[in-house]
Structure formats: C-alpha cells, structure tokens
Protein chains: 2
Amino acid sequence: MNNESAKKLSPYHHGNLKEELLQTATDMIDKEGIDSITLRDLTQRLGTSRTAVYRHFASKEALILGVIERGYEQLDLMFTPIFQESTKSVAQRFNAMARAYLDFAIEHPNIYRLLFGDKYHKEREELCDYKDESQATGLYALIGLLVEGQEEGSIAPVNPMVQAAMAWASIHGLASLLIDGHLMMSDNIEAIYEYSIDALLKGLKG
Amino acid sequence: MNNESAKKLSPYHHGNLKEELLQTATDMIDKEGIDSITLRDLTQRLGTSRTAVYRHFASKEALILGVIERGYEQLDLMFTPIFQESTKSVAQRFNAMARAYLDFAIEHPNIYRLLFGDKYHKEREELCDYKDESQATGLYALIGLLVEGQEEGSIAPVNPMVQAAMAWASIHGLASLLIDGHLMMSDNIEAIYEYSIDALLKGLKG
DNA sequence: CATTAAATGTTAACATTGTCAACATAAAAC
DNA sequence: GTTTTATGTTGACAATGTTAACATTTAATG
C-alpha cells in the first residue's frame, strides 16, 4: 500500500527518480517557497546524491519548469469542470471560476507565484492564441464563457480577449496583493472579493 | 560639475558611500533585476571592497529595503500632484493615477516588482490604516479621491477602502501580468487598459 | 549467453556569493 | 595630542549550482 515501504533499501537505481523529484520539489516549493529549495536538500530527502538530478533534468531551472507544468495542469483540471457546468448562469460560473482561482492562490501561494510570477517562464498558449473557445481548457475557457455571455446578452459585445484579460488581471491582482502581504485588511478580504466580482460583472455587462 | 571627476583618486574613505550604494543599487536593480545584483558587483563599480557595504547596511537585505524605501518615495511623489489637481474630475484624476501607476510599472518593472512583490517587505502603512484622507499621500490618496467622488455622487457610497483595494488590485494585476510576460497581446495593451479603466469606473459608480 | 551500449547514480572539485572576523586608516572628540 | 569612533580592507568560510570523471545497473545486440 505504501510506496515508501515498498522501496528497497537504497538500491543503486532509484527506479522512479524523475517522478519523485518533481513531486517532492513541488511539495517543497509549496511549503517553503521557490527561493528556499536547494538541489542538495531535495536530493537528500530522496536519498540520492546531489547530482542525480542532472540525469533527469538539464538544470535546476529545467526541474522547476517541470513543476510549473504540473501546476498549470492542476489549475486547468480545476477550471475546466466549472466552465462546463452549463446548468449554471454565466455570472455564476464566472464567480465560481474567480473563487476557485483565488482559493488556489491562497492555498498554494508559492506555487501560484511560480506560475504567474516573472522568475521562471514555461511557454504556453497565450490568451490571444485561442481559436476554438468551445474546447479551450483552463483560463482559455474564460473566453468561451464570455462569448457565451455575449450571445445570451449578459455580457457586452466587446472583444472577449480584452474582456478576459481585464477580468484575469483583476483577480490576479487581488490574489497577488493578498498572498504577497500588501493587503492586510484580513477581515475585509471577503468584502473586497465580493465587491470586485460585482464590479467586474457590472463592467463586463457594459 | 561631474561628481565622478570630482572624486579623488580612491582615497581611503569614500565620502558618500551610503548614498551611492543606494543609488547604484537602485540603478542596477532597475536595469538587471533584483536577482542579478551582487554585493561584489555593486561595490566593484563604486571602487570599494566587497565588505564596505556592511559599514552602512546590516546586510544585503537591509540595503535592498533602503532601495525599496526610495522606490515608494518616488512613486508617492508621482501620485500626490495628480490627486491634488482639483480642477479635474474625479474620473479624470482616477484615470491619470492609473495611467501613471501603469507607466511606472512598465518603465521600471524590476523596481515595481521589488515594491509590490513578496520577496522583500518594507513595512509601511496599509490602506486600512488611513485616518485623514485629505493629507494622505501616494496610494492612500486614492481613498481620498474615492471619498470625494462619493460626496459628489459619482462614486457609489461603499466603504472606500474596499473600493480602493479593488481598484488597486485591478491595475496591479494588469501591471503584473504585463511586466511578467503573461499578457502577450502587445497590440492590445492600450485597449485592455482603457477597457479596464472603463469597467472600473462603471463598477465604482455602482 | 556474452558482450556492448545506454541509462542512471556517485564522488570530487570549482566558481559564485553573502557574511564574519581581524586588522588598517581616517576623522572626530576630548 | 591622545583616544574614540567611523569607515574601509583582506582573508576566510559555508552554502549552492554545476561539471568532470568514474561506477553500476539495465537494455540491446550478436
């Protein structure tokens, strides 16, 4: 049952090192932050030598880019079902998406900063690259949601990429200020959030 | 005329080291980013030994906190006159403030990240600490502007701190996504900005 | 099966960097 | 003029990412 106990007594070959490097690195970054992780610490926890990393990743940066990729996947996995709940209104789904996004940032600030900060950049499609919004995943599905809103008249007929960028920026700004400690009004976070969503929807409505 | 030429041929005492450390560090961070600056590089440019820093700052972090303090002052200096232009409408001043804020972020992305990122924290008053909004400076003056708007009826009568937080987050999010390379739609930046301001003002109006 | 090649892991060593301790020199105080 | 304080220097150290050279296990090949 337990992966740990199944491990042999440190055989020469680890067996699953790449996967465990990614997993443990993710955990460490999540808990301690991107600047605290060291390859020596990481490999020590996995019982390998410090340079074993280099058999699976070209550099520390490459490993971290792998962690980022995982992070995006996790985020996308969280978003996609929300957008597909077509029984709910556009506004409700928009709200649910924003909430989930903010919750992720608050629960995993270090991962969030890694994904949306400037230090490491994992190339991925940009908002403007979208083509078929019906099958878009993650953040790109936001565009599809806005298009749907435009069709039913609850969202103003404006370039949906511009709208998506604005909405994303708005929630991203809130998330960033919060997790980076620039908004201290702990008691008012909920009020700020609700006011933001409200203002956003008003603004998007036109 | 030229400070550089006025310097003696490396006398034992530098004369103005603390000031020049702050200035040069600011320049270096502005150009190369916070992670590129090293004390050795910094001191070498000033012609002193690597450890001279420690006669003026307790640590590298302390020096950087000094740079941050300068940054805030620079930003405040930029904002205060905008808010005091009482001939212009609240909306116009709000717009001017947002534009100046964004321009600063775009022109000095590395400084901006230093001020509003998570890595270093210079304690300063929070939005919620404001008391007399009429004499607030910098970002805090935003609250005063919103109060003024509420009094004349152009801004909805809602807790102005909540409104300020939302507005700040909105523009901060846009600035962050832009300078961190997560919004690539270079041609649409202006459109996104104008749409954001528009939606923000609509949202604030109520 | 035997041999070779590829994959994976280890140890030793290096350059970079922030920092401290000990010492040197200039300026200020008395 | 002597002492104290402020300021600057050199040498050393620990932490860290990385490379080179070597070891071992697994896979491929005949």
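Keep in mind the model is a prediction, meaning the values are calculated, not measured. Letters A, B, ... mirror the listed sequences (proteins, then strands); counts begin at 1. Values below: all heavy atoms of this structure, side chains included; hydrogens, waters and symmetry mates excluded.
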- Task: Verify the contact: side-chain N or O of A:Y54 to OP1 or OP2 of D:dT19, cut-off strictly under 4.0 Å; return yes or no.
- Result: no

- Item | Polar side-chain atom of A:R93 near backbone of A:F83 as donor-acceptor pair, under 3.5 Å | yes

- Under 3.5 Å, is there a donor-acceptor pair between the side chain of A:H108 and the main chain of A:D30? no

- d(NZ, B:K18; P, D:dG8) in whole Å: 12 Å

- Message: Between the side chains of A:R70 and A:E19, is the shortest nitrogen-to-carboxylate-oxygen separation below 4.0 Å, so that they form an ion pair?
- Response: yes

- Query: Can you find an N or O donor on one side and an acceptor on the other, under 3.5 Å apart, linking the side chain of B:R50 with the base of D:dG11?
  - Reply: yes

- Item | Rounded distance in Å - CZ (A:F57) to P (C:dA7) | 16 Å

- Note on the structure: Note: for A:H56 and B:S36 on DNA chain C, the residue whose nearest nucleotide lies more 5' is A:H56

- Nearest-Å distance, CG (A:N16) to P (D:dT26)? 15 Å

- Taking atom C1' of C:dC14 as reference, at what distance in whole Å does atom CZ of A:R40 sit? 11 Å

- Query: Contact class for A:S49 (heavy atom, under 4.0 Å): base, sugar-phosphate, or nothing?
  - Reply: base

- Query: Quick one: does A:K205's side chain have a donor or acceptor within less than 3.5 Å of a partner on A:L200's backbone?
  - Reply: no

- Task: Measure from CG on A:L42 to P on D:dT18 and round the result to the nearest Å.
- Result: 13 Å

- Item | Presence of salt bridge, A:R99 and A:E190, under 4.0 angstrom | yes

- Take the protein atom CG of B:D41 and the nucleotide atom P of C:dA15, then report the distance between them rounded to whole Å. 19 Å

- Message: Whole angstroms only, please: what is the CZ-C1' distance between A:R55 and D:dA20?
- Response: 10 Å

- Query: Is B:T51 touching bases, backbone alone, or none of the nucleic acid, heavy atoms closer than 4.0 Å?
  - Reply: base

- Query: Which of these nucleotides, D:dG17, C:dT19, C:dT10, is closest to any side-chain atom of A:T48?
  - Reply: C:dT10

- Scan A:I37 against the nucleic acid and name what it touches under 4.0 Å (heavy atoms): base, sugar-phosphate only, or nothing. sugar-phosphate

- Task: Return the value, rounded to whole Å, for the distance between atom CG of A:L63 and atom C1' of D:dT18.
- Result: 14 Å

